[in-house]
Amino acid sequence: MKVIIAEKPSVGRELAKVFGANTRKDGYIEGKGYSFTWAFGHLLQLAPPQEYGYYGWRRTNLPMLPQKFKLSIRKVKTKDGFVEDPGVRKQLDIIQKLFDEASEIIVATDAGREGELIFRYIYSYLKCKKPFKRLWISSQTDEAIKDGFRNLKPGSEYDTLFSSAHCRSVSDWLVGMNATQALSLSAGGKDVLSLGRVQTPTLAMICARYLEIKNFVPKIYYQIAIQVDKDGQVFKAISADSFDTKEAGEEVFAKVRDVASGFAAGAQIVDVEAKPRKEPPPLLHDLSSLQQEANKKYGYTADQTLGLLQNLYESKLVTYPRTGSRYIGDDVFATVPQLISSLLEHPAFGKQAGNLQEAKLTKRSVNAKKVTDHHAVLITGVKPTHLSKDHQAVYDLVAGRMLEAFHQECIKEITKITVESEILFTANGTVIRSAGWRSVFNDTEDDKKDEDNTALPKVKKGEELPLADKALLEKQTKPKAMYNEASLLKALETCGKDIEDEELRDAMKDSGLGTPATRAAIIETLLTREYIIREKRNLVPTAKGLAVYEVVKDKQIAQAELTGQWEKRLEEIRSGASVQEFKAEILDYTRNITQELLVAGISLGQKPEQKANSNATDLVEPEINSK
DNA sequence: GCAAGGTC
C-alpha cells in the first residue's frame, strides 16, 4: 500500500477524490491501494530550551546553543499552561501506523520550503526509513493533480530544500530564544520582552513612524483659491504656487482680479488639457490585500478577517485563504464563468454578474507562473446560506473582487484647466466615462483629493471669465499617518518601502516580512507583549514598546533587511551551497546579540546589572542537516 | 515565560 501525506485535510481529501478513494477512516481516506492522510500544518516544532537542559531563565544559560536540535509535539495553551495538542498526538499516531504499513510514501505537502519541512520533521520524529517520492503541484485541479502524480520526483531531489528550511527554523530559534531571554533578564527578569527576526523589525517600523509623527514640526504656508464663473457654473482653482508668509500671500492676493475688486472678466483661461485615463481592474485578492480591504471598509483586524475567512473555507465557500498569490492559472480560469453564474442571484452583485457573463473577461489576474503554493482567493461556487453579517461581508469582498478582476477597465477623463489672474491657478476634474470594474462596488475614487472637482465646465483657451470669489488659504504640512492594520500589512509586504504599483509590490513578495499565514499573528504578538495598543484603528507603541525599540533600534535584529539577507543565503543553500558558513554566522550573531543585550540594561525602571560570564567557549555548533 | 512557521 502507498501512503500519501498532505499538509492539511482539505488537500488530502481532494487528492483522494481524484483517485476515487472514498473509504473514510479516522484521520485518513482509503481506496484503490492508497491511503491518503494529512498533517495540520506543522505538527512538530523545535523543542524548547529546557529539553536541552537549559532550565529557567538564567544568565549562565546564555547563549543557548544546542548541539543537536530536538523535535517536540506542537503545544496548545490551556488554563494550566502549555500542553501537547491531543489532536496532533492522535494524528501523528495515525500517520505512524500508515507509514509502518506503507510500501512507499508520497509526499504531498505544499510545494514550498515550509511544506517540505512539515513532512521531513514528521518523517524524522517517527524515525521512518521508508523511501518517499515528492508530489510537486501548484494548483489543485484534477488535471494538475493527475499530471503531478505522473511526474513524481525522487524525494532526495528536495534534500537541499529541507536543509534551507531547517536552517531557517534553527536560526529563528537561536536568535529569537536567546535574544528574548537576554533582553528580559537585562530588564530585571520579571517581564517577557520578546525579540525576533520578524516581530522586532515590525515593532521598529511602528515606533519609528510614531516618533516621526511626534517630532514632526508642521510648516505653515499659504495658497490662494478662486471661484471661476462659466455662465453660472462655478468651479474652483488653486494657485500653483504657495507662499511661505502671510504677507507674501496677501500681497499677491490683493492683485487677483475678482468681481468684487471691479473686474467683470478678470481671469483668462491659459490652457485646457483633457485626456482619458484607463484604470485596469485590480488583481484578485491574496490574504494580505483582503485583510487590508476588510480593515479599511469594516475595521476588522487582520486576525478577525483571517478567522472569518477560515470559517468560510471550512464551509467550502471560498478557496484556501492563506495564500500569497493574487493570480490563478489557466485551469482555474476555465472555471471562472461558472463562478460568475453562481452569483446571478446575489442581491448586490447579481446584475454585474449578468453583465460579465456576456463580456470578454480581462485576464490580468491569470498567470500560472505567479501561482506558488496556492492561487488567489476565490469563491467556490457553493451558494452560502445563513451567513452572519461579518461572514457575509468577507464573502462579499471575495466575490465582489472576483467580478472586478475579470471586468473591463475603468475609463476616466482627467481635465486640467490653467487660469491666469495675476498668477496661475489650476483646476482638476475627473469624470468617469465608463465605470468598468468600478461598477461592482460602485466605489468612487480612492485617490481623490478634496480640492478636485468632479466635472468641469467646457471652457476654451483664451476665454475670459469673471472670478466670483477669492480666498487666501492658510495651510500646514501634515506628517505621515500613524500605522493601522491595513497600512502595516502593506508595509510588511515591502519592508516599509512605499511602493504604490500593485504589480511591482507583488514582485517583492519574497523580500517581505513574515508570510500571509503569520502576519496577523505577528500583530497579535506585539499586542500581547503590550508593546503596542490599538487606539481607534491605529497601532500605537506603548512606553514599553518604545523602551525596547530604543535598546535594539540600531541592531540587526531590528532591521527588516535581516530577513532579506537570510532569504538570499537560504536560497543559495537550496540550490546546493554548503550550510556550514551560514550556520557559523548565525551562531556568531547569536553570541553577539545575546552579549550585547545582557549588558544593555533596558531602562524600564531597572538599572543595568553586571556583565554575564561567558560560557560559550566549549559549545559545539548545532547540527543543521539531520542526515 | 521565549521565535517563526504552518493549520484547526
Side-chain angles (χ1 to χ4, degrees), chain A residues 6-12 27 38-52 54-58 61-64 69 71 74-77 81-82 85-88 90-91 109-110 112-122 164-185 187 189-203 287 306-307 309-311 313-315 320-324 373-374 492 513-522 524-526 528-529 557 562-563 566-567 570 586 590 593-594 597:
Chain A
E7 179 153 329
K8 44 190 166 274
S10 64
V11 176
W38 46 77
F40 310 116
H42 276 296
L43 302 182
L44 298 156
Q45 55 193 182
L46 295 179
Q50 60 270 24
E51 297 204 26
Y52 313 97
Y54 304 116
Y55 299 107
W57 289 40
R58 303 152 58 117
N61 281 342
L62 301 184
M64 305 173 287
F69 276 89
L71 295 171
R74 186 213 292 165
K75 309 289 188 295
V76 280
K77 197 172 185 175
F82 284 88
D85 186 326
V88 167
K90 185 178 166 205
Q91 191 65 14
T109 47
D110 291 355
R113 195 168 73 198
E114 292 305 320
E116 191 64 27
L117 194 62
I118 286 171
F119 167 71
R120 299 281 186 138
Y121 275 179
I122 293 170
S164 78
H166 185 48
C167 253
R168 196 280 305 147
S169 173
V170 163
S171 303
D172 276 327
W173 191 102
L174 287 170
V175 172
M177 295 291 192
N178 281 293
T180 297
Q181 287 201 16
L183 182 69
S184 305
L185 286 169
K190 291 189 189 68
D191 208 4
V192 177
L193 299 177
S194 65
L195 295 175
R197 170 179 59 85
V198 176
Q199 63 171 269
T200 305
T202 307
L203 174 65
L287 174 60
L306 176 55
L309 206 56
Q310 172 72 17
N311 298 146
Y313 167 64
E314 284 165 18
S315 315
Y320 180 75
R322 291 175 215 82
T323 175
D373 293 3
H374 306 277
L492 288 175
L513 271 180
T515 68
T518 57
R519 289 196 184 117
I522 294 161
E524 296 304 313
T525 298
L526 296 178
T528 312
R529 298 272 172 272
I557 198 169
L562 182 65
T563 291
W566 284 24
E567 286 299 335
L570 292 169
I586 293 293
T590 303
I593 183 86
T594 306
L597 291 169

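So that the names make sense, note that chain A is the first sequence line, chain B the second, and so on, each numbered from 1.
Across all strands, A/Ser194 comes closer than 4.0 Å only to sugar-phosphate atoms, never to a base (heavy-atom distances). Across all strands, A/Pro49 comes closer than 4.0 Å to base atoms (heavy-atom distances). If you check every strand for non-hydrogen atoms under 4.0 Å, A/Tyr313 touches sugar and phosphate atoms only. Nucleic acid contact for A/Leu195: sugar-phosphate only, since backbone atoms but no base atoms lie under 4.0 Å from a heavy atom of the residue. At a threshold of 4.0 angstrom between heavy atoms, the contacts of A/Val198 are confined to the sugar-phosphate backbone, with no base atom among them. Residue contacts for A/Gln181: at a heavy-atom cut-off of 4.0 Å it reaches a base atom on one of the strands shown.
For B/dC2, neither phosphate oxygen OP1 nor OP2 lies less than 4.0 angstrom from any side-chain nitrogen or oxygen of A/Arg197. Contact check, A/Arg519 against B/dA4: no side-chain N or O comes under 4.0 Å of OP1 or OP2. OP1 or OP2 of B/dA3 sits under 4.0 Å from a side-chain N or O of A/Gln199. When the side-chain nitrogen and oxygen atoms of A/Arg58 are compared with OP1 and OP2 of B/dC2, none of them lie within a distance under 4.0 Å. A/Thr518 has no side-chain polar atom (N or O) that falls below the 4.0 Å cut-off from OP1 or OP2 of B/dA4.
Nearest-nucleotide assignment on DNA chain B puts the 5′-proximal partner with A/Asn178, out of A/Asn178 and A/Leu43.
Atom CD1 in A/Ile586 sits 7.5 Å away from atom CG in A/Leu174 (nearest 0.5 Å).
Residues satisfying the side chain to side chain donor-acceptor pair (under 3.5 Å) test with A/Thr518, not counting sequence neighbours, are A/Thr515. For A/Asp110, the side chain to side chain donor-acceptor pair (under 3.5 Å) partners at least two apart in sequence or on another chain are A/Lys8, A/His374.
Here the P atom of nucleotide B/dC2 and the CD atom of A/Gln45 are 12 Å apart, to the nearest Å.
Look at A/Trp173 and the base of B/dA4; the rings do not stack under the cut-offs of 5.5 Å between centres and 30° between planes.
Residues A/Leu43 and A/Ile122 have side chains in contact (heavy-atom distance under 4.5 Å, counting atoms from C-beta outward).
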